[in-house]
Amino acid sequence: MTIQRVLLVLAAACAATSVHAQLIGPIPPKPDSPEPGASGPLGPAPEVRPPDGEPRAPSIVERGADGRLKSLSTSPVEAALARYPFDADHRSRIEASRAARRRDVDHLVVDKLDSVLEVQRLAPQVEAASDFQTLFKARDAVAALRMEQPLDRLLRDGAITLEQKVRIEEALREYDVARKRQIEADAKGDPTRAAVLNLRQTFDDVAREPLASLDRQLATLSDHIESVLDKLALRDDQRKATDALRFALRSGVSTSVHAKEMRRELVKHYWLDVLDMEQKRQALLAAGPDEPLKAP
């Protein structure tokens, strides 16, 4: 049975359920954290100056032969952390803190799954959008997913020092300036185009971690799907699609050359199209290595 045939079976089986993702209403964006030295309710924040012995963070600004700013393969923070000359002890603490943050992001994704799915749905529209209506909708969607800044978490966990944080923030500000200048160049003097490009960038920056977490959790779900299905309280109208999925997983599809990718695609379609929002949450929790299945 080909994956296309299986997907058609799943689609037909789940049509009767009429299950759709729940969408959230507009959520006003949270105010950005003030820049160092900015005035607040208690007056100007004290400026922290690293000691002379603290090395500067290597620049993460790179340009191609055409002079354009090169895109990073990770977030700017991850790139800056990777290039900073930390010793082995700090590296170990950073990895532990980042692992804890990933778990927190996973919890956020399950808790705010409706918002995450809305962001996932809007992502391709944002990439192609040239109108503010779509981009404002996307901005409102990601507002619910804002978290503590990564460097603040590292500092709170004692993984980095305040002086190191300041140095890394210097590199991040340099990259941010370079990115804004690249956007201005791409906009070619059109302020509307510049605003569109900046909104796209904001969406991408905030959506990156939650969407990566969802992909990671769905991959884990795919590895444990049959045991998870045994634990879910499925309705009668979901049985046909569930039986079709079980059959596909136990048939020739699961032994093909691209078995893992096909399996994940099948499970993802089933999870999205067949399960309701609470069942989706329960499935992710049941598949997690340290998360017991909670009663619906």
Side-chain angles (χ1 to χ4, degrees), residues 1-25 27 102-125 138 141-142 144-145 207 209-251 253-254 258-296:
M1 180 181 291
T2 65
I3 187 169
Q4 290 83 3
R5 183 178 177 84
V6 173
L7 289 176
L8 285 174
V9 173
L10 286 176
C14 70
T17 65
S18 299
V19 176
H20 300 285
Q22 300 175 9
L23 305 184
I24 60 170
I27 299 176
R102 282 193 294 271
R103 289 192 295 272
D104 287 349
V105 176
D106 290 348
H107 285 293
L108 174 75
V109 167
V110 173
D111 184 51
K112 298 184 179 294
L113 188 57
D114 50 352
S115 299
V116 176
L117 291 177
E118 172 72 340
V119 167
Q120 185 183 62
R121 185 186 70 81
L122 288 170
Q125 298 179 36
V142 295
L145 306 180
E209 273 189 295
L211 293 184
S213 168
L214 180 60
D215 286 344
R216 186 169 63 247
Q217 293 188 69
L218 286 175
T220 302
L221 175 62
S222 176
D223 293 339
H224 302 88
I225 184 61
E226 296 210 51
S227 63
V228 170
L229 289 175
D230 291 337
K231 298 173 183 176
L232 291 177
L234 297 170
R235 303 188 306 271
D236 289 342
D237 63 333
Q238 296 171 319
R239 295 292 179 185
K240 187 175 180 180
T242 304
D243 291 343
L245 176 65
R246 287 186 187 274
F247 175 77
L249 296 177
R250 294 170 182 174
S251 70
V253 169
S254 63
H258 303 294
K260 198 166 189 177
E261 292 80 359
M262 295 177 74
R263 180 186 180 91
R264 289 184 177 180
E265 191 69 13
L266 287 171
V267 170
K268 178 180 178 181
H269 277 276
Y270 173 87
W271 182 83
L272 280 172
D273 298 335
V274 178
L275 302 182
D276 61 35
M277 190 62 68
E278 185 56 31
Q279 289 171 329
K280 286 181 173 68
R281 290 191 176 94
Q282 295 298 309
L284 295 181
L285 289 173
D290 59 352
E291 289 291 350
L293 179 66
K294 299 177 182 177

(request) Any chance you could lay out the side chain to side chain contact (heavy atoms under 4.5 Å, CB included) test for Arg235 and Gln279, step after step, and finish with the verdict? (result) CA-CA 11 Å; Arg235 303 188 306 271; Gln279 289 171 329; 4.0 Å; yes
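- Here the OG1 atom belonging to Thr242 is positioned 8.5 Å from the CG atom belonging to Leu232, to the nearest 0.5 angstrom.
- Here the shortest heavy-atom pairing between Asp111 and Arg281 reads O-NH2, 3.6 Å.
- The side chain to side chain donor-acceptor pair (under 3.5 Å) check on Ser222 picks up nothing, with sequence neighbours excluded.
- Within the 4.5 Å cutoff, the side chain of Leu214 has heavy atoms near those of the Leu117 side chain.
- Here the closest heavy-atom approach between residue Ser213 and residue Val105 is recorded as CB-CG1, 3.7 Å.
- A 4.5 Å side-chain heavy-atom check between Glu265 and Glu261 finds every atom pair outside the cut-off.
- Contact detail for Lys112 and Leu145: the closest heavy-atom pair is CB-CD2, 4.1 Å.
- Residue Leu234 comes nearest to Arg239 through the heavy atom pair O-NH2, 3.4 Å, listed as atom of the first residue, atom of the second, then distance.
- Between Gln217 atom CD and Asp106 atom CG the span is 4.0 Å, to the nearest 0.5 Å.
- Rounding to the nearest 0.5 angstrom, the gap separating the CZ atom in Arg216 from the CZ atom in Arg102 is 6.5 Å.
- Shown here are the salt bridge (charged side-chain N to carboxylate O under 4.0 Å, His left out) partners of Asp104, two or more places apart in sequence or in another chain: Arg153.
- Put simply, the side chain of Arg250 reaches to within 4.5 Å of the side chain of Glu226, judged on heavy atoms.
- The heavy-atom pair separating Leu272 from Lys280 by the smallest distance is O-NZ, 3.1 Å.
- With a 4.5 Å cut-off on side-chain heavy atoms, Leu229 and Tyr270 count as touching.
- When all heavy atoms of Ala287 and Thr220 are compared, the pair lying nearest together is O-CG2, 3.3 Å.
- Between Leu108 and Glu209 the shortest side-chain heavy-atom distance does not fall below 4.5 Å.
- Separation of atoms CZ (Arg264) and CH2 (Trp271) is listed at 14.5 Å; rounding is to 0.5 Å.
- Here the side chains of Leu221 and Leu218 are in contact, with some heavy-atom distance below 4.5 Å.
- No donor-acceptor pair under 3.5 Å is formed between the side chain of Gln120 and the backbone N or O of Leu211.
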(request) Apply salt bridge (Lys or Arg N to Asp or Glu O under 4.0 Å) to the pair Asp215 and Lys268, showing each step before the final yes or no. (result) CA-CA 9 Å; Asp215 286 344; Lys268 178 180 178 181; 5.1 Å; no
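- Put simply, the side chain of Ile225 reaches to within 4.5 Å of the side chain of Leu245, judged on heavy atoms.
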